[in-house]
Amino acid sequence: MDAFKEDLEEAEEEAVEEEVIAETVFEAEKPENTGTCYLLSVSYNGRVGKALIKLYDPEKGKIYFWYDNTGHKPYCLTNASIDELRVNPAIIGYEGYDHLEAVKKYDPLKDEEVTMTKIVVNNPLAIGGGPKGGIRELLPAAWEARVKYHNCYIYDAGLIPGMPYRVKDGKLVPEGWGLNIDTPSPIKGELQDELVKEWFMVLQQPAPDIRRAAIDIEVASPAIDRVPNPSEAEYPIISVAIASSDGLNKVLLLKRGEEELKEKALNGVRLELLEDERKLIEETFKVLNDYPLILTFNGDNFDLRYLRNRAQKLGFPKASIPIVLGKDTALLPIGVHVDLYKFFHNKSVQVYAFGGKYREVTLDSISEALLGYKKIAIDKLVSELTYEELATYCYRDAKLVLDLTTFQNSLLIKLIVMFMRISKLPMEDVTRQGISGWIKNLLQFEHRRRNYLIPRPEDILTSKGGAATKALIKGKKYMGAIVLEPKPGAYFNITVLDFTSLYPSILKTRNLSYEVINCPHKECRSNIIAGTPHWVCVKRRGLTSTIIGMLRDFRAYWFKPKSKDKSLSQEVRSWYSVVERSLKVILNASYGVMGHENFPLYCPPAAEAVTAVGRYIISRTIDKAKELGLEVIYGDTDSIFVLNPREEDVEKLAAWVEEELRVDLDVDKKYRYVAFPKLKKNYLGVLEDGSVEIKGMVGKKRNTPEFLKIAFSELIGILASVHSQDEFVQAKEKIRSIVRDCYSRLKGRKYTLDDLAFKVMLSKSPKHYVKTTPQHVKAAQQLANIGKRVEAGDIIAFVKVKGPIGVKPLPLARIDEVDVDKYIGHLRTTFEQVLEALGIGFDEVLGLKRLESFF
DNA sequence: GCACGCCTCCAGGAG
DNA sequence: GTCTCCTGGAGGCGTGCC
């Protein structure tokens with residue numbers, strides 16, 4: 001209930017945000033004819049009362065505006081008849097009410113055509129979301145009333161953000177989509193040709209590069225590591241750095257006292273000293289208005305917010321400030337603002353698009369992982385730096401942000417454009433929303449395209465029911481995947497087989513989608529999903545099954561193989577690799593959102609049907625493998641580890657799987673050897689090329705102290721060089737010396753506090769830990785006691801010490817109070833995980849008894 | 001009073 | 001604010017022993 005209320009409030013905020021745009025008077029050119037442009041953004045302009053489209057002209061590097069001229073208006077649907085509504089004064093007398101229309105829609109839950117009434121209004125707030133509640137609150141039942149107007153406009157106009165368009169005689173038309181393109185045959189299947197063709201054009205179309213500038217500001221804060229409050233904006237902005245893709249690289253500095261600049265430029269970056277802060281801000285606004293794309297890192301909540309509020313404080317007229325603040329956003333009237341913090345924060349982007357290369361979502365951590373260089377470290381207040389030091393520091397941040405979008409041929413821009421096209425979201429939205437927002441919008445677009453009524457979440461739940469299986473873990477909603485018990489030990493020549501995109505394949509081949517599972521037809525009830533009481537419709541194809549299945553096929557049969565096809569040019573291959581990665585992000589989340597309560601198409605039976613089929617598929621495959629004489633050592637969800645198989649047996653198995661289970665089974669990789677401890681989700685393997693893969697083990701976890709990580713990686717280095725059983729014996733000796741060395745350095749307190757620190761993230765603010773007080777929270781509390789601010793997302797570094805509390809944060813700890821025995825315990829668990837798999841005892845390696853006599 | 005076992009919470013990972 | 005499964009470590013509580 002609370003969550004529902006919060007959602008309501010949020011929806012209100014966002015709708016109000018659309019209105020706020022009315023305050024600004026900024027306009028870009030609105031030509032009657034343009035060349036080929038890219039659709040970056042769709043929003044609602046309250047002042048004009050129309051949908052506003054921002055087009056990017058790559059030739060000129062600038063933005064054009066195009067306002068809707070088709071007369072499209074906001075609306076919602078209801079099941080009340082026109083006659084009933086016509087006599088309802090609350091509705092027809094509502095401010096902004098326009099007219100009523102009878103419309104026919106296909107209701108996917110009922111599988112029948114229904115007649116609905118469309119209530120059309122003159123501004124989005126009349127439907128809902130404003131302070132007055134809107135018409136949707138007055139109706140007994142409303143459909144599609146929570147779809148944001150700009151998204152509704154995209155659906156109805158069939159617009160695809162990120163695709164090329166042009167304005168021709170005042171009309172917005174698609175341009176250069178490659179209409180004569182041939183769709184690859186493996187994908188067509190029973191799908192409608194038109195659908196496949198459009199999607200293929202959309203994926204195939206290369207993405208533009210976009211002229212852009214990154215900005216970063218510094219504020220004269222009176223205290224070190226105390227971030228100034230952007231709502232107050234009480235301290236002066238002392239520098240603004242701009243790093244751009246078109247050669248404008250400069251730092252604006254606020255003049256203090258009599259001090260003059262020593263240099264006019266530093267490494268090609270122009271330095272400009274400005275007499276007063278108003279001028280500095282005005283110069284910054286010029287940049288904001290000039291560039292089609294402005295990049296920041298946390299600009300929504302800091303840089304742009306501060307700039308806006310500071311300008312207001314200094315007396316700028318509201319309408320002259322080119323920054324529009326929302327509850328959690330800072331948008332631009334002309335160009336588009338992308339806050340990279342928000343984009344990199346997206347878990348799917350982090351894990352699937354960037355392979356988990358960065359772990360903390362900070363500019364330092366991301367840039368180091370992706371670019372190989374990072375922020376400049378300073379140990380005093382920014383206001384105490386010389387002009388040159390300040391400029392260097394500030395510019396570095398802007399440059400990092402820019403480079404994050406330029407590296408690998410503007411990979412990031414291309415990914416964003418692909419995500420826009422797939423999700424049908426404007427650039428501002430796609431970079432700020434999570435994966436569920438993307439998939440929601442993608443599916444709603446496809447509903448509207450087919451004239452499907454978008455169902456209300458409560459109707460899906462009541463007509464489809466809840467989950468029938470029980471999760472293994474307490475508190476989870478339904479049962480998930482199978483993880484096999486590994487057979488502990490080291491094995492040579494292991495082949496890993498995996499089902500390509502298992503869950504998306506299941507969605508496709510089992511026809512899983514919210515509307516077709518537990519469908520209303522009697523004759524479908526016998527088409528049961530094994531392991532569940534649910535049945536699936538045999539009369540029609542589900543929407544999710546169709547769309548996700550098609551995207552899966554595009555990736556598996558076209559973009560992924562083509563991205564590795566050496567006969568294609570490097571440029572084409574790298575484009576296909578971008579597409580393939582974007583599809584992977586969508587595919588990997590497509591099943592998860594069905595099991596997510598806040599997803600508007602939440603459907604527990606569909607989610608659990610996917611995992612049930614997954615369990616069925618891996619179990620049957622393992623049985624068949626055994627029957628063929630293959631030895632399965634381990635498996636997890638969609639993979640099986642087979643010991644030294646004959647190629648023809650693998651082929652036989654794959655053929656059987658395809659025929660019998662209707663999924664693809666492929667060789668994923670081959671290990672020279674793999675070592676399994678007793679534990680699930682833990683192993684260490686050396687691939688044929690000598691590269692090492694470590695899964696799950698504590699030695700590679702982020703929060704593990706550095707000294708253990710180092711010792712662990714030395715151990716890995718030794719194991720990587722092992723080629724045969726005999727070499728293990730020599731390896732053992734080397735391992736022994738590592739462990740002993742570690743042990744004696746611990747005992748002798750030779751490590752620094754840094755080496756020994758556990759670095760654990762506060763997942764919430766310290767006061768929200770009510771059930772227990774974990775160690776990192778205890779350390780955080782001690783930091784708070786000495787006046788340091790600690791909040792959710794901070795990484796707390798602490799060491800374990802002797803005494804009642806047991807931990808101290810790094811700044812308060814001394815090396816002599818460290819609890820050495822605790823650390824030896826950690827040394828033990830870290831190494832035992834690996835050694836156990838190799839049949840070596842930890843105590844045996846250490847020679848514990850003898851060694852201890854030395855101390 | 002205090003070991004001890006048992007359960008829960010939390011962070012971080014695999015897939 | 002996709003999902004479930006799995007692990008290590010600590011916190012917290014009840015029980016039985018001295």
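Each chain gets a letter, A, B and so on, in the order its sequence line appears, and its residues count up from 1.
- Nucleic acid contact for A:Ile473: base, since at least one base atom lies under 4.0 Å from a heavy atom of the residue.
- Contacts of A:Met594 with the nucleic acid, taken as non-hydrogen atoms under 4.0 Å apart, are absent.
- Within the 4.0 angstrom heavy-atom criterion, only backbone atoms of the sugar-phosphate kind lie near A:Tyr769; the bases stay farther away.
- A:Tyr683 comes within 4.0 angstrom of the backbone, heavy atoms only, and of no base.
- Counting any heavy atom pair closer than 4.0 Å across all strands shown, A:Thr611 reaches no nucleic acid atom.
- Counting any heavy atom pair closer than 4.0 Å across all strands shown, A:Lys440 reaches no nucleic acid atom.
- In the model, A:Glu693 has a side-chain atom that pairs as donor or acceptor with a side-chain atom of A:Tyr671 under 3.5 Å.
- For A:Ala481 and A:Ser590, each mapped to the nucleotide of DNA chain C holding its nearest heavy atom, the one lying further toward the 5' end belongs to A:Ser590.
- Here A:Tyr503 lies out of heavy-atom contact (under 4.0 Å) with every strand.
- A:His776 has a side-chain polar atom (N or O) that falls below the 4.0 Å cut-off from OP1 or OP2 of B:dA11.
- Under 4.0 Å is where a charged nitrogen must lie from a carboxylate oxygen, and between A:Asp429 and A:Lys148 no such pair does.
- Among the protein residues, A:Ser639 comes within range of no part of the nucleic acid, since none of its heavy atoms lies under 4.0 Å from any strand.
- Cation-pi geometry between A:Lys440 and A:Phe599 is not met at under 6.0 angstrom from the ring centre and within 45 degrees of the axis.
- At least one cation-pi condition fails for A:Lys778 and A:Phe798: the charged atom is not both under 6.0 angstrom from the six-membered ring centre and inside a 45 degree cone around its axis.
- A residue-by-residue look at A:Lys681 and A:Gly592 shows that A:Gly592 has its nearest nucleotide of DNA chain C further toward the 5' end.
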Show which side-chain atoms of residues 342-353 of chain A pair as donor or acceptor with protein atoms under 3.5 Å away, not counting sequence neighbours.
unit_1   : atom_1 : unit_2   : atom_2 : d
A:Lys342 : NZ     : A:Asp300 : OD2    : 2.6
A:Lys342 : NZ     : A:Asp328 : O      : 2.8
A:Asn346 : OD1    : A:Ser348 : N      : 2.9
A:Asn346 : OD1    : A:Val349 : N      : 3.3
A:Asn346 : ND2    : A:Gln433 : O      : 3.2
A:Gln350 : NE2    : A:Tyr358 : O      : 3.2
A:Gln350 : NE2    : A:Arg359 : O      : 3.2

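- Note on A:Arg615: nothing from the nucleic acid sits closer than 4.0 angstrom, heavy atoms only.
- When all heavy atoms are compared, the tightest approach of A:Lys681 to A:Tyr634 is N-OH, 2.9 Å.
- For A:Tyr478, counting side-chain heavy atoms from C-beta on, the closest listed nucleotide (B:dC10, C:dT2, C:dC3) is C:dC3.
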For nucleotides 7-9 of chain B, print each protein N/O atom paired with a nucleotide N/O atom at under 3.5 Å, atom names and distance only.
unit_1 : atom_1 : unit_2   : atom_2 : d
B:dT8  : OP1    : A:Lys474 : NZ     : 2.8

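- Proximity of A:Lys700 to the phosphate of B:dA14: a side-chain N or O atom is located under 4.0 Å from OP1 or OP2.
- Residue contacts shown for A:Lys470 are absent, as no nucleic acid heavy atom lies under 4.0 Å away.
- Among the heavy atoms of the strands, none lies under 4.0 Å from A:Met697.
- Between A:Gly465 and A:Pro604 the shortest heavy-atom distance is O-CD, 4.1 Å.
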